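Just below is one structure, and these are the notes that go with it.
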Amino acid sequence: MKKQILILFACALSYLLAGCSKKDNVAPANVVPEVPVTENVTVNAVGAAGIAGVNWADGRDNFVDGWVIPSGLTASDSYTTVSAKANAVLSGFQTNIAGANTVRLPINPPSVLESWWGAYTGAIDRALSKNMKVILGCWEGASSKDGIIDNTTQFWAMWQTVVNKYGSNNNVYFEVFNEPHGYTLAQLTTIYAEFLTRYPTVPKGRIILSGTGYSENVTGVGADSRFTSCLLALHNYAYWATRTTAGWEADWRSRMGSYKNRTVVTEYGATMTTGKNYNGSQSDNEVAYIVGSCNVFRNDGVASVYWPGLRDDDTYSIQRRGGSGTSITMTTTNASGVSRIRYGWGL
């Protein structure tokens, strides 16, 4: 047994130092090796602002009438309780998805302009204390879902409150409006220009402008010279089409055009809770999509934020929440999915 161990050790050492010449030991194309994960890994992620993140979403989805309350939080929580719960959730992200340095959180006017804001900021502040970047993205309500701001007066009041509190924090990013599919390009860029006018002290590099449609194409907004220094939010999902891995790669590139260096994919995701192997056959459309997506993110230097890191009862969720109260536990739903997400971050 000792002799066998020595032989195996020598073989492994020679492989690391000189590479292995046997074809059987060469990883198949596009297979991402599993690696151990630890909390607070130093990361030089590819892409805009070095963003490498996940969404923390409301179990009802972030399109809600009233307060957005990410999974694990409750409307009766105090700032202290929210902060403690957020610490557990965010530590789960950092530990189980090593390299995660960003969390995208939803906001809407009721969540900011009403009493929930006083508690909800506990999650934002906790993320910042853990040296994470925070993307605050505005969602419309569930009753409309028409891709149009529900109430412009409340919308601007919301952003004024948010900017007043976090405008000077270099780790907070402002995603003006999620999936603005109700607007033409001209209408949308008028709103974005007003944001810049209202909040001139916010660096453009921390302002994220969603692409047209369901944030599905950034080329129109990217071409507007008024927004040259702003980041661009892009979404794309496997259920939108059926493609090969190469087809998904080409599709992503067509949606970014020449603006990949400013693009942040603030949503992409696929089924993670059913045992699907994302290092397996790419004949499956979701596997082809995830592999193609993460290949593009890594090879083209595109920042990405997976949907979702945590959302209760969402089959796409890469983490599952357990425990109760502030004693939240986090477990990975799909190790191959984690390896792909991290591969996309350049890890």
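Below, each value reflects all heavy atoms present in this structure, side chains not excepted, and no hydrogens, waters or symmetry copies. It should be emphasised that the depicted structure is a prediction, and the values quoted were computed from it without experimental measurement.
In terms of heavy-atom proximity, V103 sits nearest to A127 at CG1-CB, 3.9 Å. When all heavy atoms of C138 and M158 are compared, the pair lying nearest together is SG-CE, 3.6 Å. Nearest heavy atoms, T263 versus Y259: OG1-O, 2.8 Å. Shortest non-hydrogen contact noted between S339 and N279 is OG-ND2, 3.6 Å. The two residues C230 and L209 make their nearest non-hydrogen contact at CB-CD1, 3.8 Å. Among all heavy-atom pairs drawn from E179 and S210, the shortest one is N-OG, 4.1 Å.
A donor-acceptor pair under 3.5 Å is absent between the side-chain atoms of E114 and the main chain of S111, judged by distance alone. Judged by distance alone, with hydrogens and angles left aside, the side-chain atoms of T95 form no donor-acceptor pair with the main-chain N or O of G92 at under 3.5 Å. No donor-acceptor distance shorter than 3.5 angstrom exists from the side chain of R262 to the backbone of L232, with no hydrogens or angles considered. With hydrogens and angles ignored, the 3.5 Å screen pairs no side-chain donor or acceptor of N178 with any backbone N or O of E140. At distances below 3.5 Å, not a single donor-acceptor pair connects side-chain atoms of R243 with backbone N or O atoms of A250. Although no hydrogens or angles enter the test, the distance criterion places no donor-acceptor pair under 3.5 Å between the side chain of R226 and the main chain of A193. Using modelled atom types, no side-chain atom of N87 and backbone atom of S83 make a donor-acceptor pair closer than 3.5 Å. Side-chain atoms of T189 come within 3.5 Å of backbone N or O of A186 as a donor-acceptor pair. In this structure, the side chain of T333 engages the main chain of S317 through a donor-acceptor pair within 3.5 Å.
With E267 as the fixed residue, the side chain to side chain donor-acceptor pair (under 3.5 Å) test singles out one of W307, Y237, Y316: Y237. Between R321 and the choices T331, D312, T329, the side chain to side chain donor-acceptor pair (under 3.5 Å) rule is met once, by D312. Screening F195, Y192, Y199 for a ring pair (Phe, Tyr, Trp, His ring centres under 6.0 Å) with W159, the sole residue that qualifies is F195. The side chain to side chain donor-acceptor pair (under 3.5 Å) test with Y166 is passed by exactly one of D125, T121, T161: D125.
Neither side chain, T80 nor S78, offers a donor N or O lying under 3.5 Å from an acceptor on the other. A side-chain N or O of D150 and one of S144 form a donor-acceptor pair less than 3.5 Å apart. Side chains of T266 and E175: a donor-acceptor N/O pair is present below 3.5 angstrom, by distance only. Remark: the K130 side chain and the S91 side chain contain an N/O donor-acceptor pair separated by less than 3.5 Å. Between W248 and N285, the side chains place a donor N or O and an acceptor N or O closer than 3.5 Å (distance only, hydrogens not considered). Checked by atom type, the side-chain pair Q319/T332 shows a donor-acceptor distance below 3.5 Å. Counting only N and O atoms by type, the side chains of N217 and T212 include no donor and acceptor under 3.5 Å apart. Neither side chain, R311 nor S71, offers a donor N or O lying under 3.5 Å from an acceptor on the other.
Between N334 and Y278, the closest side-chain pair of non-hydrogen atoms falls below 4.5 Å. Side chains of R60 and I69 form a contact here, defined as non-hydrogen atoms less than 4.5 Å apart. Using a 4.5 Å heavy-atom threshold, the side chains of N101 and W345 count as separate. Between V64 and N108, some side-chain heavy-atom pair lies under the 4.5 Å cut-off. In this structure, E216 and N236 have side chains that are not in contact, with every pair of non-hydrogen atoms separated by 4.5 Å or more. Residues V218 and R255 are not in side-chain contact: their nearest non-hydrogen atoms beyond the backbone lie 4.5 Å or more apart. Within the 4.5 Å cutoff, the side chain of Y289 has no heavy atoms near those of the D251 side chain. Residues I148 and F177 are not in side-chain contact: their nearest non-hydrogen atoms beyond the backbone lie 4.5 Å or more apart.
The distance from atom CG of D224 to atom CZ of F227, rounded to the nearest 0.5 Å, is 4.5 Å.
L73 and F63 fall within a single hydrophobic cluster, where Ile, Leu, Val, Met, Phe, Trp and Tyr side chains are chained together by heavy-atom contacts under 4.5 Å. In this structure, V162 is a member of the same hydrophobic cluster as L196, with clusters built from ILVMFWY side-chain heavy atoms closer than 4.5 Å. No path of Ile, Leu, Val, Met, Phe, Trp and Tyr side chains, each step under 4.5 Å between heavy atoms, connects I107 with Y79, placing them in separate hydrophobic clusters. Clustering ILVMFWY residues whenever any of their side-chain heavy atoms sit less than 4.5 angstrom apart, transitively, puts Y183 in the very cluster that holds F174. Linking ILVMFWY residues whenever their side-chain heavy atoms come closer than 4.5 Å, directly or via other members, places L128 and V89 in the same cluster.
Using cut-offs of 30° and 60° for the angle between ring planes, the Y306 and Y268 rings count as perpendicular.
Note: F297 and W252 meet the aromatic proximity criterion, with ring centroids under 6.0 Å apart. The aromatic ring centroids of Y214 and H235 lie 6.0 Å or more from each other.
Between E286 and K276 there is a salt bridge, since a side-chain N of the basic residue sits under 4.0 Å from a carboxylate O of the acidic one. A salt bridge between D77 and K85 is present, with a side-chain N of the basic residue lying under 4.0 Å from a carboxylate O of the acidic one.
A cation-pi arrangement is absent between R104 and W56, since the terminal nitrogen or guanidinium carbon is not both under 6.0 Å from the aromatic centre and inside a 45° cone about the axis.
Grouped by direct or indirect side-chain proximity (heavy atoms under 4.5 Å, Ile/Leu/Val/Met/Phe/Trp/Tyr only), I135 sits with I51, Y173, I208, L231, V264, V305.
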